[in-house]
Structures are given as C-alpha cells and as structure tokens.
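Have a look at the structure below before the remarks.
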Amino acid sequence: MLLTVTDLRKSYPAGDNPVTVLNGVDLTLDAGQSLALTGESGSGKSTLLHLIGGLDLPDSGAIVLNGADIAGLDDKGRAAVRRGTVGVVFQQFNLIPSLRVADNIAFHARLAGRHDPAWAARLADRMGLTAHLAKFPEQLSGGQQQRVALARTLAARPQLVLADEPTGNLDEATAATVMDLMLELVAETGAALLIVTHSDRVAARLDRRIHLARGRVT
Amino acid sequence: MIRTVWSALWSQWRRNPLQLFTLMAGLALATALWSGVQAINAEARASYDVAAATLGEGQFAQILPSEGGAIAQETYVKLRRAGWLVSPVVEGRLAGVRVVGLDPLTAPGGLGPVRFAQGADIIPFLSGRGQVFGGAEALDALKGQTEADLILSPDVAPGTVLTDIGVAQRLLDMPGQITRLIVARTQPLGRPDLATVAPGLTLRPPQGGSDIGRLTDSFHLNLTAFGLLSFAVGIFIVNGAIGLAFEQRRPMVRTLRALGMPLGQLMGLIAVELVGLALLAGIVGVALGYLIAAALLPDVSATLRGLYGAEVSGTLHLRPVWWLSGLAISVGGTLAAGAGAMWSLWTMPLLSSAQPRAWAMRSGQAAAVQGALAVGLLAVALGLALTGDGLVAGFALLACLLIGAALLLPIVLRLVLAGAERLAKGPLAQWFWADTRQQVPGLSLALMALLLAMAANVGVSTMVSSFRLTFVGFLDQRLSSELYVTTDSAEQAAALVAWVTPRVDAVLPIQSSQITLAGRPTDLYGARDQATYRDNWKFLDAAADPWDQVAAGAGILVNEQLARRSSLSIGQTVDVAGQSFVIVGVYGDYGNPIGQAIITETVFHDLFPQITAQRFGLRLPPADVPALTRALTDDFGLPAANIINQAGIKAFSLGVFDRTFTVTTALNILTLSVAGFAILMSLLTLAGMRVPQLAPVWALGLTRAELGRLELVRAVLLAILTAVCAIPLGLGLAWVLLAIVNVAAFGWRLPMYLFPWDYARLVLFALVAAGLAALWPARRLARTPPTDLLKVFANER
C-alpha cells in the first residue's frame with residue numbers, strides 16, 4: 001500500500017472554540033491507483049490533501065506514505081517528502097513567477113534530483129507548451145499555467161500526485177483538456193493520484209471515490 | 001460625507017500600523033538629521049554674528065599695524081587730532097578667554113552688545129574698578145584675575161569678555177598699547193592721509209561679513225551637504241511608504257469615487273491627511289534633531305575653536321526660524337515624496353482595474369523610463385564635470401550624479417542578478433537569483449537610500465581624511481621650525497637674534513606686509529634663503545629651481561588662492577611696490593581666505609625698509625627644545641606666552657581633527673542607521689507579499705528555516721552589490737567636493753587620497769546593518785506557521 005491514513009484528526013483555533021475540520025479520517029491508496037475526494041466546501045478536503053502532502057501536521061492519527069509515518073516527521077523530514085515522494089497541483093497554479101516556463105517545469109525534478117531533460121521536453125510537447133518555454137508565467141493564460149504546473153509535478157516523477165481542484169479556475173473546455181492530460185500522463189508514470197474535486201464528471205473517471213462530510217468519510 | 005471619507009482613509013492606517021510607523025519614522029528621522037545639522041549651523045552663525053556685532057568685524061574699516069605687533073597709544077591720539085574718527089580696541093587672551101577692551105565714548109554706533117545708549121549707567125564701566133561683561137563660563141574663568149566687577153551679560157559672544165580699554169590694558173599687561181582701531185563709516189573731509197599721520201599702519205576696508213563667518217563657511221557647507229544627503233536618505237523611506245500605501249488605496253479610491261465622492265475633494269482630503277502626518281512627524285523630528293544637535297554641538301564648538309579660533313556657544317537655543325524650517329522641510333519632503341503617488345491616483349480612470357498593481361513589480365516600461373532618466377542625469381553630470389564652473393554648477397553636478405546613480409542602481413542590480421542566474425548551476429541557486437532579481441523593484445527605494453548613505457560616507461570621509469592628510473603635510477611644511485618666538489619690539493627682536501643665533505642651527509625671521517597684488521589683498525612675506533624652505537615646501541606647480549630664482553631676487557611664489565582668483569600661472573610677471581617679479585611657484589595654503597606671496601628677504605627689506613621682523617622660527621635639534629625654551633624665559637626674559645613649540649601646535653591640530661572626525665563619524669553612523677532602518681521597513685512591508693511567492697517553493701520541498709536563511713542571504717547580497725556601486729559613487733562625490741565645490745567656494749583645491757581600509761570597514765558596517773535589518777523578517781518567515789503558507793493554496797480565499 002502506498003498510502004494509509006488512519007484516524008486522522010485536525011482542528012484550527014477560532015476564538016474560544018476550535019473548529020474541527022477532520023474528525024477521524026481513514027483511507028488507503030495503492031500505487032498506480034486514482035482516487036477522487038469530494039465533499040461540500042469546508043468539509044476538510046483540502047486540509048486532508050495538505051496533511052497527506054506533508055504541508056501541515058495533524059493533531060493526531062497516522063499518515064503512512066511509502067512505509068513511513070509522515071505525521072511524525074519534523075519540518076526537514078516533511079520537506080524531503082514533498083521534494084521526493086509527492087507532487088501537488090494547486091487550483092491557483094502557484095508557479096514561480098521569477099522563473100521561465102522551462103525552468104518552472106524542471107524546478108521540482110531538479111530539486112528531487114530526478115531531472116530528465118528528455119522527459120521534461122516530452123511533457124512540454126504533450127502539454128502544448130513548447131512554444132512558450134522561454135516565457136514567464138504571467139505571459140500565459142490560465143489553462144497554459146495549469147498545464148505548466150502539471151508538467152512541473154509530473155517531471156519530478158512523484159509516487160503520489162495530489163491535485164487540489166486543479167481545474168477549478170478554468171473554463172469547461174480547457175478544464176476537460178487539462179484533466180485528460182493529467183489522467184493520461186499520471187497513468188503513464190505509474191503514480192497514484194488523489195484529486196480533490198467538486199465535479200462528479202471528474203470523479204467518475206477515477207478508480208475510486210470517497211466523500212467527506214463534517215470531517216468524516218461518508 | 002467628509003467624516004465618512006476620513007474614516008475610510010484612516011481605516012487603511014489602522015489596518016496597516018506598520019506602514020504608518022514606517023512613514024512617520026522615516027519622516028521624523030529625515031527631519032531630525034536635517035534640522036540637527038541646521039541647528040548646529042544656526043547656533044554657530046548666531047555666535048559669529050554676536051561676535052561680529054561686538055567686535056565690529058566686517059562692518060567697519062579697521063586700521064592695523066603693517067608689520068604686526070601693537071599700535072602705540074600716542075599714534076591713536078595723533079590720528080584723532082588729525083581728524084580721523086577712530087576708536088581703539090585692545091584685544092588678547094587671558095585664562096583662555098578673549099578679552100576685548102573698547103572705548104564706549106568713541107566706538108561707532110551699533111558696536112558692542114552693552115547698550116549704553118539705552119540708559120545703562122556708563123560711569124561704573126569707565127571709572128573705579130571698572131566692569132567686565134561676559135557669559136557665565138568666561139566670567140568664571142576670569143575670577144581672581146581682575147578686581148573689576150564681573151557682570152553677567154548673555155549678549156556677549158561666547159568665550160569673550162568686554163570691558164573698558166584701560167581695564168583690558170591692565171588685564172593683558174599692554175600699557176599704552178592698542179591692538180587695532182575701528183574706523184567710523186563717515187569721516188570728515190580734508191583729513192590727512194593715513195600714511196602721513198601714521199606710516200606704519202594699514203587701512204583694511206570693511207569685509208562685508210565677519211572673518212570667522214567666511215573662514216568657517218567651508219565647515220558649515222560640508223555639514224549642510226551632509227544634512228541634505230541624510231534628509232534625502234530619509235525621504236526615500238517616506239517615498240516607499242507612501243507609494244505602497246497609495247497602491248493599496250487604489251481600490252478604495254475607485255469605490256469612493258464610484259459612490260459619488262468628487263475626485264478633487266478626495267485628493268484634497270488625502271493632501272490634508274499627508275500634511276497632518278508630516279506636521280506630526282516633523283514635530284518629533286525637530287525634537288530628535290534638537291537632541292542630535294545638543295549631543296554634537298560641544299564637539300563642533302571645539303572643532304571651530306581649534307580650526308578657526310571661532311567661539312561658538314556650547315548651549316543650544318530653540319530658535320523659531322530653525323524649528324519652523326524643520327516643520328516646513330518635513331511637509332515639503334512629504335508632498336514631494338507623495339506627489340507621484342497622488343498623480344497616479346488623480347489620473348486613474350474610474351473604471352480601470354483597481355487591483356493593486358503589484359507595487360513592487362513595476363513594469364518594464366517604467367524601468368526603461370527610469371533608466372533613460374538616470375543615463376540622462378549622469379550625462380549632464382559628466383558635462384558639468386568637464387565644462388561646469390562655479391558653486392552652482394558644482395552643486396548641480398552633485399545632484400545629477402547622486403540622483404542619476406540612485407535611479408540607475410535597480411537596473412544595474414537586475415542586470416548583475418540576471419547574469420548570475422544564467423551562471424547558476426542548481427535549481428535552488430537559479431531560483432534564488434531569479435527571485436532576488438524579482439525583489440529588486442520592491443527593495444529599490446531602500447537600496448537607493450543605502451547607496452546614497454554609503455556614498456555620502458565614502459565621499460565625506462574621503463574628503464575629511466584627505467583634508468587631514470593634506471593639513472598634516474601642510475603643517476609639516478609650514479611648521480618646520482622647532483620653536484616660534486615673538487618679540488614685543490624691534491629692539492627686543494634685535495637682542496633676541498644676537499642672543500639666540502649661537503644657540504641654534506638657524507634663525508628664520510617671519511616678516512610680512514599687506515599689499516595689493518594682481519588686484520587682490522595679499523600678505524607679502526620676505527623669506528630667508530635657507531635649506532628649511534627648500535627641503536620642506538612642496539609646490540602645486542613650479543618652474544625649475546624656484547627657490548634659486550626667489551633667492552636671486554627676480555622670482556616670487558604665490559599661494560593657490562591668489563593664483564586661481566587672479567588667473568596667475570608660472571612665468572607670468574607681477575608688480576610689487578613698483579618692482580616686477582616672475583612667478584616661479586604656486587603653493588597650497590589651506591584655510592587661508594586671502595592671497596599670499598613670498599619674495600626673498602633681501603628684496604623685501606629693500607622694498608619695505610620700515611618693517612623689521614618681530615617673529616622668528618628657530619631651527620635646532622628637537623632634543624634641545626626644552627632647554628632652549630627654559631633659557632629663553634629664564635635667561636633672555638621672554639614671556640612663556642611668546643614661545644610656541646612646533647610639536648605642541650601639531651598635537652593640538654591633530655586633536656582638533658580628531659574632534660572633527662567625531663562629528664562626521666556620528667553623522668555617518670546616523671545616516672547609515674537610517675538606511676538600515678529603510679531596509680528593515682521595506683523587508684517588513686514586503687514580507688506580506690513574499691508569502692505567496694515563497695509558499696510554492698516551500699510546497700516543493702524547502703523548509704521554512706531554509707527560506708528564512710535565504711532571505712537573510714538575499715538582503716546581505718543586495719547590500720554587498722549596493723556597496724560595490726556606492727564606493728565609486730562616493731569617490732566621485734569626494735572628487736566633486738574637493739575639485740569643484742571646494743575650489744569654487746574657497747579658491748583652493750585639496751589633493752584626493754584613497755583610504756581602502758576605511759571603505760572596507762564601511763562595507764562591513766553596511767553589511768552588518770543590512771543583516772540586522774533582514775534578521776527580523778527572516779526570522780519571522782522561518783517561523784511562519786504552515787497554516788499561513790497554506791492559505792496561499794486555499795481555493796476559497
């Protein structure tokens with residue numbers, strides 16, 4: 001099993017009464033498998049994704065990724081997980097504005113020590129970005145930026161791809177194109193995929209689907 | 001409606017107290033440095049004016065002995081009987097106090113602070129034990145020295161006492177002697193010539209300002225330039241704070257206008273708001289400036305006293321002109337700094353995108369305009385350096401050079417960082433350089449402030465240190481004799497020469513006459529042909545064997561001031577008392593406001609037979625100086641006050657310079673601290689904007705601690721690059737001050753020396769300042785909770 005989440009709990013301080021976001025979540029994900037995480041706004045989907053990605057720490061519970069509990073890792077250890085094991089695609093793209101498209105695509109892979117120029121070039125080609133490699137992110141459309149973000153993640157060949165509403169900022173046609181590319185290329189790399197989405201249509205295209213409500217899997 | 005709009009405008013400051021603090025602190029610091037320096041200058045000038053009013057310096061013509069020494073009282077009586085309306089002055093020093101004796105019955109109106117004309121009783125001043133007027137310190141120093149009544153009078157110049165001429169003669173042991181005569185403005189017609197009545201005296205016309213005032217102008221000019229630069233550094237902070245605040249205001253302004261607020265009224269309210277803030281910050285700045293001036297004034301007073309003999313009060317007065325001008329410059333600086341931001345709001349179309357335009361990320365077009373402006377200003381500076389002449393051109397050159405360089409700095413930094421990015425190997429290094437380049441626009445104002453502060457430091461310290469080195473060399477040249485002695489009469493002078501000649505290696509008479517040379521008042525000296533001059537004097541320009549030509553009788557040496565002002569050069573001929581001389585050398589004569597020339601002693605005696613030397617330089621082995629000094633007082637009977645030890649003068653002069661350095665060092669540190677503060681405020685202000693830029697890198701696998709360290713390295717690196725640019729700029733500034741401004745203002749040019757260790761220390765200091773400024777924001781970043789970073793990725797923001 002690539003990922004096992006057990007009894008995960010997380011709350012945030014809000015005045016005198018903390019707000020509980022996750023209240024005992026369990027899930028598993030195998031290598032190469034894809035999973036859709038759905039739920040209402042505020043149900044804890046993004047928080048769960050952030051915890052699995054090593055971006056935040058749970059109050060309690062375990063997140064065993066590749067045999068190691070990342071909930072017990074310190075800042076440095078979790079940074080290593082983010083660098084080497086997982087790749088996150090955000091709704092807001094979060095490209096590095098000071099780097100050109102080519103450097104953005106290669107950035108994560110180079111940090112992980114897995115930069116393969118041929119693979120990066122192929123990804124750029126598949127994403128339709130070859131003509132834009134010398135540009136800066138601000139010179140691209142939203143759909144193009146999201147394709148750069150996706151290429152950046154896949155170029156690093158992570159074992160687990162986490163995507164948080166990756167098409168939420170795109171129009172319907174562009175969203176469909178990006179989603180097609182994502183599913184196709186993730187499958188090609190053999191990575192597991194966990195997508196947070198509101199879209200039933202996207203969820204239907206994945207291997208499994210779980211629904212979060214009030215911090216629990218329902 | 002206005003109240004509602006006020007409330008909306010103020011809500012921004014309430015939401016961003018750091019911005020408000022940056023604006024107020026920057027403005028207060030800028031005003032403090034400017035008004036501190038102005039307070040010192042105002043206090044010094046007020047002291048000169050009081051001294052001038054007391055002593056008649058500059059206002060009246062004066063009669064002085066041609067060959068130095070004193071005027072006999074009988075000569076004064078002869079002049080009065082011949083119809084000359086002159087008033088005697090006896091002047092000298094006692095217990096470190098300048099004692100001035102006046103005759104209130106003959107003194108011209110308006111002379112002296114003790115206003116007898118306003119009903120004061122003149123009888124006690126003239127009769128009995130007499131009265132001595134002065135400040136508390138001066139009177140304290142004279143306690144026990146005189147039986148006269150000591151009267152406290154705050155109107156008298158610092159370090160000076162005023163008394164009746166008879167009391168002064170007793171105090172100074174000058175019976176029957178007068179130092180100088182003050183000549184009333186209106187004189188009876190038909191009186192005989194001065195030369196007929198008193199052939200040994202010279203009439204010096206009014207100078208149109210006090211001697212001290214003119215002598216110290218150099219010092220005050222440099223202080224003012226430093227104050228202005230410090231103010232400019234502070235205004236960069238204000239500019240940055242206003243620029244950011246107004247960018248963030250754009251959506252609010254659009255909304256207010258959309259809701260029906262007229263644009264003119266809105267801009268008026270914003271202007272009133274800025275003026276109000278400027279006045280508040282100005283009050284704080286003036287108070288701080290008062291403290292700075294109070295702390296520095298004792299050292300400045302000591303410097304002025306030592307360098308120019310100018311007595312400046314050590315106590316600071318709160319002059320209305322000074323604090324009002326402090327407030328005015330605070331308001332003016334704020335409006336100047338805010339003009340661009342207000343214009344941007346004024347011209348913003350109502351329906352334009354009102355999102356903050358990423359204040360820190362200025363467009364390429366703006367950078368191109370800035371670059372063109374910078375290059376244009378530097379080209380003007382170059383043109384002025386090559387062809388400009390005069391003080392106005394000098395200051396215009398300084399302004400173009402400094403503003404042009406400051407505007408060019410961000411462009412140079414971006415080019416350097418882009419080059420480093422191309423050479424970077426790893427992804428982290430590549431991102432670091434690219435990200436640093438991206439931060440340059442946001443930090444550019446702070447970096448410009450640092451550039452100006454460092455350049456001012458390099459420039460002013462180079463100028464002061466060059467001055468020090470030159471002056472020390474000049475002292476070695478001029479004070480080459482081991483002892484200097486002054487006699488009281490020609491008879492005593494002759495006896496001294498006979499007594500001392502077998503006891504020393506050489507006796508060098510010092511004799512001079514005031515003449516007009518090439519149309520300018522000049523002190524003409526007659527120098528003995530002796531190895532001391534040949535070995536020690538250095539020329540700025542000279543013919544071959546200048547001393548041989550002077551000794552032969554046909555050559556004359558002139559000082560730089562005279563050469564520059566009268567356009568004299570080597571080989572030209574000048575007339576002295578009807579005889580022609582060829583200029584064979586031009587020498588540096590630092591600090592002297594008037595012309596000076598040297599011919600050989602024998603020709604001098606032929607031309608001025610009535611002048612006999614009463615001062616002498618004595619050459620002897622340094623080890624023999626104490627014994628000869630004792631013998632001169634004990635055996636020959638010369639008063640100790642008439643003997644000056646060369647080593648003592650030099651040590652005193654160096655002490656004066658060290659105190660001068662105290663002032664410039666303090667100003668240097670203050671200006672750099674302001675620049676450090678500018679960096680701190682910029683980094684703190686930008687910290688909020690940095691999170692969205694850094695969060696993706698953190699998400700991709702860097703720790704917060706690593707990001708914090710990189711932020712620190714980034715600030716220090718930018719400071720290093722700025723320092724590298726500041727050193728040549730500072731040297732350019734020093735060159736302009738030494739070669740153009742100084743020459744235009746004072747007629748002499750100082751050679752420029754370089755002080756690499758001083759610059760290295762300054763760079764280190766700047767790096768420490770930048771590092772300290774970046775430490776807090778970097779630490780804050782390293783400790784940013786992950787939840788704050790995660791907000792960047794939140795979909796429902």
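Proteins get letters first, then strands, A, B, ... in listed order; numbering begins at 1 in each.
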Got a sec: does the CD of A:Gln139 have more than 12 other heavy atoms crowding it under 6.0 Å?
yes
Part of A:Ile96 lying under 4.5 Å from any heavy atom of chain B:
side chain
By a 4.5 Å heavy-atom criterion (distance strictly below it), what part of A:Arg78 contacts chain B: side chain, backbone, both, or neither?
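For A:Arg78, neither part sits under 4.5 Å from chain B.
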Return the option, out of B:Asp435, B:Leu790, B:Thr787, B:Leu694, with the maximum number of heavy-atom pairs under 4.5 Å with chain A.
B:Leu790
Pick from B:Leu789, B:Leu428, B:Leu702 with the largest number of heavy-atom pairs that fall under 4.5 Å of chain A:
B:Leu702
What I'd like to find out is whether the side chain of B:Phe432 reaches to under 4.5 Å of the side chain of B:Thr436, using heavy atoms alone.
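Yes, at least one pair of side-chain atoms sits under 4.5 Å.
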Would you tell me whether B:Thr703 and A:Asp75 have side-chain atoms, one donor and one acceptor, within less than 3.5 Å of each other?
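There is no such pair (donor and acceptor under 3.5 Å, judged by atom type) between the side chains of B:Thr703 and A:Asp75.
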Is the NZ or CZ atom of B:Arg422 positioned over B:Trp433's six-membered ring, under 6.0 angstrom from the centre and within 45° of the axis?
no
